[in-house]
Structure formats: C-alpha cells, structure tokens
Amino acid sequence: MNAGTPSLPLPGALSAPGSHAEREPAASIEHIRFDGVGIRYGRQTALSGFDLTLHAGEALALLGPSGSGKTTALRALAGFIPIAEGHIRLHGRDISGLSPQQRGFGIVVQNYALFPHMSVADNVAFGLRARRLPRAEMRTRIEHYLELVGMRQYARRRPLDLSGGQQQRVALARALAIRPDVLLMDEPLSALDAPLRREMLGELITLHRELPDLTMLFVTHDQSEALALADRVGLLRDGELLALDVPKRLYDRPPNRFTAEFLGQTNLLAVEIPQHPDNDDMLNVCLGKQVLRVPRPDDWTGAPGPGWLCLRPHLLSLEPAAGMNNRLDSRVLGAEWKGSHYRIELEAEGQTLHVEANAALPPPAVGNRTTLSFAPTAGWLLARDV
C-alpha cells in the first residue's frame with residue numbers, strides 16, 4: 001500500500017515551537033479507527049474492546065502507566081502484533097491483515113533502531129531504497145529531511161558518533177523520508193536526558209505545525225509530553241480507554257478520579273453534596289462543617305451524596321484575592337522548597353491537601369492556622385465511586 005504524501009514545508013531549519021493552544025484544531029475527518037480491538041498474550045488481556053478514532057492531521061497521545069496497553073495499541077496499528085478481535089481501519093478500509101510494510105507508516109521507537117554500520121544518510125535512505133526510488137529523488141529527500149531536523153551537516157557520520165538527541169533526529173528524518181501520512185512514535189524521548197527531551201519535544205511540536213497533513217500517534221508515560229504535543233490525549237489503564245479529550249479539558253475537568261490523579265498534581269477531598277435546585281449551575285458542597293461553592297458537572301443528577309472535590313495546588317492561595325470567594329480553614333503541617341515555589345502541606349477537616357506558594361515569601365510556620373482561598377471555578381466535582 002502506498003502511503004499518502006503530506007504537504008511539506010520548504011527545506012530549512014526548524015523554527016521555534018509555537019504555543020500548543022494557538023494551533024488550529026485538526027479537521028474531524030476519520031483517518032484511523034480501532035473498532036472493538038482485543039489483544040491477548042496467552043491468558044493475559046492487553047486490550048479489551050478498544051475503540052479509538054484518529055482524525056486526519058491530528059496528534060493524539062496515548063498516556064498511561066506501564067502495562068496500561070498504550071504500546072500494545074501502537075504496535076497493533078503498526079502491524080507488529082496480531083489482534084484477537086475487532087478491526088483496525090485506515091480511511092475506512094480494514095488493514096488488520098496487512099503486514100507493516102504494506103501499511104506504509106513512519107515509525108520512531110524508543111531505542112531509535114538505527115543501523116550502526118551505516119552513515120546517517122544511508123539510514124535515512126533505507127526505506128527509500130526499499131521503495132525503489134530513483135537516485136536523484138532519493139538524494140533530494142535525504143537532504144530535505146535531514147535539513148528539516150537540523151542534521152544535514154552530519155550526513156556522513158555514523159550513529160555511534162552522534163549524541164542521543166542527534167540520533168533521535170535521524171530516526172525522525174528516516175521515518176518522514178518515506179512521506180507517510182501516519183507517524184507512530186513509541187516513547188521516543190524516554191532515553192534522553194531532561195534538556196534533550198525538552199529540545200526534542202519542541203521539535204516534535206514544530207513538525208506537527210509544519211506538516212499539517214501528518215497524523216501522529218504518540219505513546220508516552222510522561223504527562224507533560226502528552227499535554228504539550230497532543231491535540232487530544234487518550235488515557236489508558238489495564239487495557240481500557242478511560243478518558244479521551246483535548247488536553248486542557250482533561251486537566252481542568254477530569255471525567256474520573258484516575259484522570260485527575262494521573263494528569264498533574266491534585267488534591268482530592270471527600271465532600272458531601274446536599275440537594276440543590278436543578279436550574280442552578282453551581283453546587284454547594286460540604287467539607288466537614290465548611291461549605292464551598294463549585295461548578296455543577298453536566299451529568300449531575302441532582303441527587304445528594306458523597307463526592308470528590310478536585311483542587312489543583314497552584315489554584316489555591318494562602319492570601320485572599322479578588323474572585324477567590326471560597327475560604328477553607330486549615331492548619332500547616334509542613335513546607336518543602338521546590339525552587340520556583342514552596343509546596344505547603346495542610347490539614348483541613350481531617351484531610352490533607354497541598355498548595356503551591358510563592359517562593360519569594362517565607363512559608364508559614366508549622367502548626368499555624370491559615371485560610372486557603374480559591375475561586376469557585378477552580379474546583380471540580382467527581383463521583384465518589386470513580
């Protein structure tokens with residue numbers, strides 16, 4: 001199967017990455033669909049009834065802990081492992097029985113999988129030779145994609161003479177040189193140190209902007225990578241897709257407790273929800289004897305009962321401020337300096353929570369009573385049984 005050809009930028013150095021929030025959302029045209037896919041390794045179920053649609057030109061990240069099934073889903077899409085049930089469709093066509101070569105996807109894996117005895121240029125040319133491209137066209141593509149990832153001057157070097165970040169760029173160039181319409185990346189940054197990870201993440205964001213027709217599936221266990229790169233994030237646990245949405249909505253309005261705890265730092269406080277009028281878009285919730293006001297979730301049934309109040313530490317304040325109408329009496333348990341802020345541990349109504357405080361100010365003393373403030377919209381309510 002011949003892969004489609006993305007619209008390509010003119011050769012040149014990568015520009016600085018732009019804000020994720022500034023990018024236009026991907027068109028809602030179905031490109032890839034997992035339809036009830038099940039995968040088993042012996043008696044162990046790795047994926048069960050997995051449904052997922054990727055839109056043309058979007059970057060979708062699969063995020064989750066080790067063993068959640070995210071890499072299994074990517075490898076099944078690539079054709080590396082067979083599926084036990086369901087179908088995988090590309091532009092509506094069932095490709096479940098096709099070999100990896102027939103699918104024509106670009107693939108970047110954690111260990112780069114470069115050929116150590118070949119030069120950088122020969123590594124990039126590998127897939128092109130398999131497709132029997134004319135020599136002139138092959139040379140043009142090699143130069144173009146090495147230029148795109150900033151590695152043209154290293155064309156004659158061998159992988160062992162390159163840094164980890166440089167090897168990763170070569171692996172990206174090789175995957176893109178075949179001009180796939182789908183790029184699969186399995187933990188491509190996990191082997192790099194922190195500065196190189198940040199640099200390569202910026203380059204992936206730039207590639208996503210400069211190759212708008214390229215659909216990307218990105219597997220990671222690192223939430224910051226997923227939130228920065230992806231148009232949408234799918235969160236997996238135990239082979240099931242528990243959440244799927246744009247990053248900001250998943251972070252601000254998580255659909256369940258697992259999502260709230262996995263995406264960033266959060267406080268989950270056990271609260272009680274009294275009866276409220278159906279026409280009120282806000283709810284009063286009780287944390288012990290203290291009453292707080294938070295948004296009413298769209299699926300709230302109106303029934304009283306227990307719930308979890310999700311509060312991000314950076315949205316809490318030790319100082320009253322405009323719009324922070326919720327007040328929470330608490331006692332200081334400890335303070336830990338994090339460089340850019342203090343992480344303050346507090347107790348309120350028998351429950352522990354944390355707040356991020358300004359590092360330029362001295363932290364409150366242990367044992368002191370204090371009042372936390374936060375805006376009503378900073379809280380999010382979850383069902384207690386989730």
Side-chain angles (χ1 to χ4, degrees), residues 1-34 52-63 74 77-78 89-93 95 103-108 124 127-128 137 140-152 168-186 188-189 198-220 224-234 244-250:
M1 179 180 67
N2 293 326
T5 303
S7 60
L8 300 172
L10 293 175
L14 292 177
S15 57
S19 166
H20 177 277
E22 293 174 355
R23 283 195 270 107
E24 292 295 324
S28 299
I29 300 173
E30 180 182 304
H31 193 173
I32 295 167
R33 178 155 55 94
F34 292 82
L52 178 68
T53 297
L54 278 77
H55 301 145
E58 82 167 326
L60 191 147
L62 292 182
L63 181 65
L74 181 141
L77 176 57
R89 304 184 189 278
L90 179 68
H91 297 302
R93 176 192 176 195
I95 62 169
R103 301 184 190 201
F105 299 154
I107 302 173
V108 180
V124 176
L128 304 178
E137 171 67 12
T140 299
R141 288 202 197 182
I142 292 170
E143 292 177 355
H144 172 73
Y145 287 100
L146 285 178
E147 183 76 23
L148 185 66
V149 299
M151 290 296 293
R152 186 174 179 179
Q168 183 64 284
R169 292 187 184 100
V170 175
L172 275 172
R174 183 179 62 183
L176 293 170
I178 63 173
R179 295 188 176 177
D181 57 359
V182 177
L183 178 63
L184 309 180
M185 295 182 288
D186 185 9
L189 309 181
R198 288 192 293 269
E199 180 182 349
M200 285 306 304
L201 181 61
E203 294 194 7
L204 288 175
I205 293 171
T206 301
L207 280 173
H208 181 35
R209 184 178 65 245
E210 295 189 347
L211 301 176
D213 296 332
L214 180 65
T215 301
M216 300 167 61
L217 182 64
F218 180 77
V219 165
T220 182
S224 62
E225 293 174 5
L227 296 178
L229 174 62
D231 298 304
R232 289 189 300 156
V233 173
L244 177 66
D245 211 330
V246 297
K248 183 170 174 54
R249 195 152 49 231
L250 278 184

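The chain is numbered in sequence order, starting from 1.
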Can you name the residues that form a side chain to side chain contact (heavy atoms under 4.5 Å, CB included) with [X], not counting sequence neighbours?
X      : value
Glu137 : Leu133, Pro134, Arg141, Arg179
Ala173 : Val124, Tyr145, Leu146, Val149
Thr53  : Glu30, Arg33, His55

Side chain to side chain, [X] and [Y], heavy atoms closer than 4.5 Å:
X      : Y      : answer
Val233 : Asp245 : no
Leu211 : Leu183 : no
Leu250 : Leu227 : no
Leu229 : Leu201 : yes
Leu62  : Leu52  : yes
His31  : Leu90  : yes
Leu204 : Leu172 : yes
Leu60  : Asp231 : no

Checklist entry - Arg174: what forms a salt bridge (Lys or Arg N to Asp or Glu O under 4.0 Å) with it, not counting sequence neighbours? => result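 For Arg174, no residue satisfies salt bridge (Lys or Arg N to Asp or Glu O under 4.0 Å) once neighbours in sequence are set aside.
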
Next on the checklist: Between Arg169 and Gly150 (side chain of the first, backbone of the second, donor and acceptor by atom type, cut-off under 3.5 Å), is there such a pair?
Outcome noted: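 Checked: no pair found.
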
First locate atom [atom1] of [X], then atom [atom2] of [Y], and finally report the distance between them rounded to the nearest 0.5 Å.
X      : Y      : atom1 : atom2 : value
Leu184 : Phe218 : CG    : CZ    : 12.0 Å
Arg232 : Leu54  : CZ    : CG    : 6.5 Å
Leu214 : Glu58  : CG    : CD    : 11.5 Å
Leu77  : Ile32  : CG    : CD1   : 4.5 Å

Next on the checklist: Could you work out, with side-chain hydrogen bond (donor to acceptor under 3.5 Å, both in side chains) as the rule, every residue matching Ser224, not counting sequence neighbours?
Outcome noted: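 Residues passing side-chain hydrogen bond (donor to acceptor under 3.5 Å, both in side chains) with Ser224: Asp222.
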
Checklist entry - Who are the side-chain hydrogen bond (donor to acceptor under 3.5 Å, both in side chains) partners of Arg198, not counting sequence neighbours? => result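 side-chain hydrogen bond (donor to acceptor under 3.5 Å, both in side chains) list for Arg198, sorted by chain: empty.
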
